[in-house]
Structures are given as structure tokens and as C-alpha cells.
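Structure, as C-alpha cells:
The analysis underlying the following values was restricted to heavy atoms, covering all of them including side chains, and did not include hydrogens, waters or symmetry mates. As the structure lists them, so they are numbered: ligands from 1, and atoms in each ligand from 1.
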Amino acid sequence: MTTTALRDRLIVGLDVSSRAEAEAIVAELGDAVSTYKIGYQLVFAGGLPLVEELARAGKHVFLDMKLLDIANTVEKGIESITRLGAAMTTIHAYPHAMAAAAKAAEGSNLLILAVTVLTSLDEADLAASGYAGGIADLVAARAVQARDAGIGGLVASAAEAAALRRLIGPGMALVTPGIRPAGSAAGDQKRIATPAEALRDGASHLVVARPIIAAPDRRQAALAILAEMAAA
Ligand code: C5P
């Protein structure tokens with residue numbers, strides 16, 4: 001795989017609370033990184049204009065909004081996101097929301113990613129939320145529903161990646177957070193994988209925030225992760 005293709009598979013999470021901080025990180029990372037994830041923390045701190053700014057600068061932006069609402073509202077929301085120039089966005093994997101999002105993204109370059117079951121939830125959380133079945137079954141059912149609804153990809157933990165890849169086939173993107181370079185701190189992530197493990201298990205993209213954002217030399221940290229990816 002070429003360096004560029006590999007670089008496009010690394011998504012750096014801009015988990016900071018100001019636009020200025022995010023811009024400084026993007027400047028520091030320079031051409032080492034092509035794709036950034038912007039979520040609640042930055043969007044609700046004045047970071048939304050960064051989506052268009054980064055897109056204009058030739059970067060890919062993953063706008064991680066995990067949408068869920070009635071179909072009409074999801075559809076209109078996704079239509080607006082297509083106009084921002086984001087490359088990817090997330091919705092919760094409910095059939096009505098997936099159908100609405102797939103319809104709204106049709107003909108655009110926006111890749112819709114479905115979150116099957118939040119990886120922070122355990123079996124007890126699911127039961128407390130009123131679900132009768134277990135996590136693995138729900139993840140599998142929603143993954144198949146996502147594929148059948150024409151959704152472009154899934155967000156999943158690296159621990160789920162291999163089983164999901166077998167289930168959904170090669171076509172969909174599989175975006176995995178919880179990535180830690182060999183020998184680094186887990187933080188609050190419970191199920192972690194190295195970049196090489198995640199790729200070997202079928203991940204198409206890796207989301208990495210703290211191991212790069214909190215590193216003393218961020219560019220060096222990103223390049224080291226790309227090297228680990230290349231070795232896979
Ligand atoms: O700092 P770290 O690399 O753990 O950050 C991972 C990023 O991926 C964060 O932005 C986090 O919100 C996001 N994420 C996650 N687990 C999920 C879904 C998203 O860690 N299941």
C-alpha cells in the first residue's frame with residue numbers, strides 16, 4: 001500500500017475545546033495527517049467552521065455527531081452535513097435513521113457510518129435500557145441492517161472488527177477507535193488494539209486521539225503510528 005493510501009486510513013481525533021487549539025494541532029501535524037475527526041467537544045466550542053476550513057485545505061473531515069431523531073430530521077440534518085463538505089459522519093444504527101441518512105447522502109461524497117452499540121455499554125447497560133438480547137447479537141443484527149440499508153460503514157471496537165468483517169464482507173468501511181501503539185497508555189479505553197492488530201482484523205480506518213494529541217511530539221507520534229500500520 002502507498003504511504004498516501006495508508007495515511008488516509010488514519011483519523012486523528014481533534015478532542016480539544018477550542019478552534020485555536022485544533023488549528024495549532026493541524027498545523028503541527030502538517031502533511032503527516034490527512035483526516036481529522038471533530039466531535040461534540042469541539043463542535044459545541046465553536047469548532048464547526050473547521051469542517052469547511054479543513055475541507056478547503058484538502059483534508060478529510062469525519063464529523064462525529066452520532067445523530068438519532070425522527071427520519072425527516074435525520075434526513076435534513078445529513079443533507080446539511082453534505083453541504084459542509086464533511087467526508088464522513090455518524091448516526092446510531094436504528095433502521096429508520098439509517099434509511100433516512102442513506103437517502104440524504106445519495107449522490108454526495110459523504111460516507112455514513114453507523115454506530116451499532118456504543119462500545120462503552122456492557123450487557124447490564126443494555127438490559128437497563130430495555131433490550132432483551134445480548135450485545136453481540138444486537139451488534140450483528142444492526143451491522144447487517146446497516147449493510148442492507150446502503151450505509152457505507154460501521155464504527156466498532158477493534159475487538160469486534162474481525163467478526164464484523166466476516167459478517168458484512170469486504171465492501172463497507174470499518175472504523176475502529178481504542179487504538180494504542182504498542183506500549184502506550186490505555187487511558188479510559190477498556191478494549192484496545194495496536195494499529196497493526198486492528199488492520200489485520202479488517203479495520204479500514206483507525207481513530208486515534210490521545211496517543212497523538214497528548215504526545216510531546218505529535219507529528220513524530222503520528223508518523224510512528226503510520227509506521228506501525230505500514231508494518232501490518
Ligand atoms: O483518545 P482516544 O484515542 O481514546 O480517542 C478515541 C476517539 O474515538 C475519541 O474521540 C472517542 O470519543 C472516540 N470513540 C471511542 N470509542 C467509541 C466511539 C468513538 O473512543 N466506541
Side-chain angles (χ1 to χ4, degrees), residues 9-18 21-22 25-26 29 32-33 35-45 47-48 50-51 54 60-68 86-93 111-123 125-126 129 135-136 138-140 142-143 146 151 153-164 172-199 201-216 218 221-226 228-229:
R9 298 175 70 177
L10 173 64
I11 302 173
V12 174
L14 288 172
D15 292 341
V16 293
S17 300
S18 79
E21 231 179 316
I25 291 169
V26 170
L29 290 170
V33 171
T35 309
Y36 288 97
K37 181 169 90 73
I38 298 180
Y40 291 176
Q41 183 183 354
L42 185 53
V43 161
F44 298 135
L48 189 59
L50 269 174
V51 178
L54 291 177
H60 310 292
V61 181
F62 171 5
L63 183 59
D64 188 14
M65 288 287 101
K66 299 191 177 69
L67 298 183
L68 180 61
M88 306 176 194
T89 198
T90 38
I91 58 165
H92 285 283
L111 183 72
I112 305 289
L113 302 171
V115 177
T116 54
V117 175
L118 291 168
T119 53
S120 58
L121 301 183
D122 61 18
E123 304 286 350
D125 294 321
L126 217 58
S129 305
I135 290 178
L138 189 57
V139 167
R142 287 180 169 172
I151 291 296
L154 301 171
V155 179
S157 80
E160 293 167 336
L164 279 176
M172 291 173 85
L174 203 48
V175 178
T176 57
I179 300 300
R180 291 295 176 267
S184 76
D188 61 354
Q189 295 282 12
K190 295 196 179 79
R191 288 175 292 162
I192 57 172
T194 65
E197 286 164 348
L199 292 180
D201 284 346
S204 60
H205 298 78
L206 314 183
V207 177
V208 182
R210 282 164 292 182
I212 292 174
I213 297 306
R218 293 171 174 140
L223 292 173
I225 288 176
L226 284 167
E228 280 195 47
M229 292 167 69

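S204 places a side-chain N or O within 3.5 Å of a backbone atom of L174 that can act as its donor or acceptor partner.
Here CE of M65 is found 8.5 Å from CD1 of I38. Values are rounded to the nearest 0.5 Å. Separation of atoms OG1 (T116) and CD1 (I151) is listed at 12.5 Å; rounding is to 0.5 Å.
Under the side-chain hydrogen bond (donor to acceptor under 3.5 Å, both in side chains) criterion, Q41 pairs with S17, sequence neighbours left out. Partners of R218 by side-chain hydrogen bond (donor to acceptor under 3.5 Å, both in side chains), not counting sequence neighbours, listed by chain and number: E28. Listed by chain and number, the residues in a side-chain hydrogen bond (donor to acceptor under 3.5 Å, both in side chains) with T89 amount to none (sequence neighbours excluded).
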Between ligand 1 and the protein, find all N/O pairs closer than 3.5 Å and give the distance for each.
unit_1   : atom_1 : unit_2 : atom_2 : d
ligand 1 : 1 (O)  : R210   : N      : 2.8
ligand 1 : 1 (O)  : R210   : NE     : 2.7
ligand 1 : 3 (O)  : R180   : NH1    : 3.0
ligand 1 : 3 (O)  : A209   : N      : 2.9
ligand 1 : 4 (O)  : R180   : NH2    : 2.7
ligand 1 : 4 (O)  : Q189   : NE2    : 2.9
ligand 1 : 4 (O)  : R210   : NH2    : 2.8
ligand 1 : 10 (O) : D15    : OD1    : 3.3
ligand 1 : 10 (O) : D15    : OD2    : 2.7
ligand 1 : 10 (O) : K37    : NZ     : 2.9
ligand 1 : 20 (O) : Q189   : NE2    : 2.7
ligand 1 : 21 (N) : T119   : OG1    : 2.5

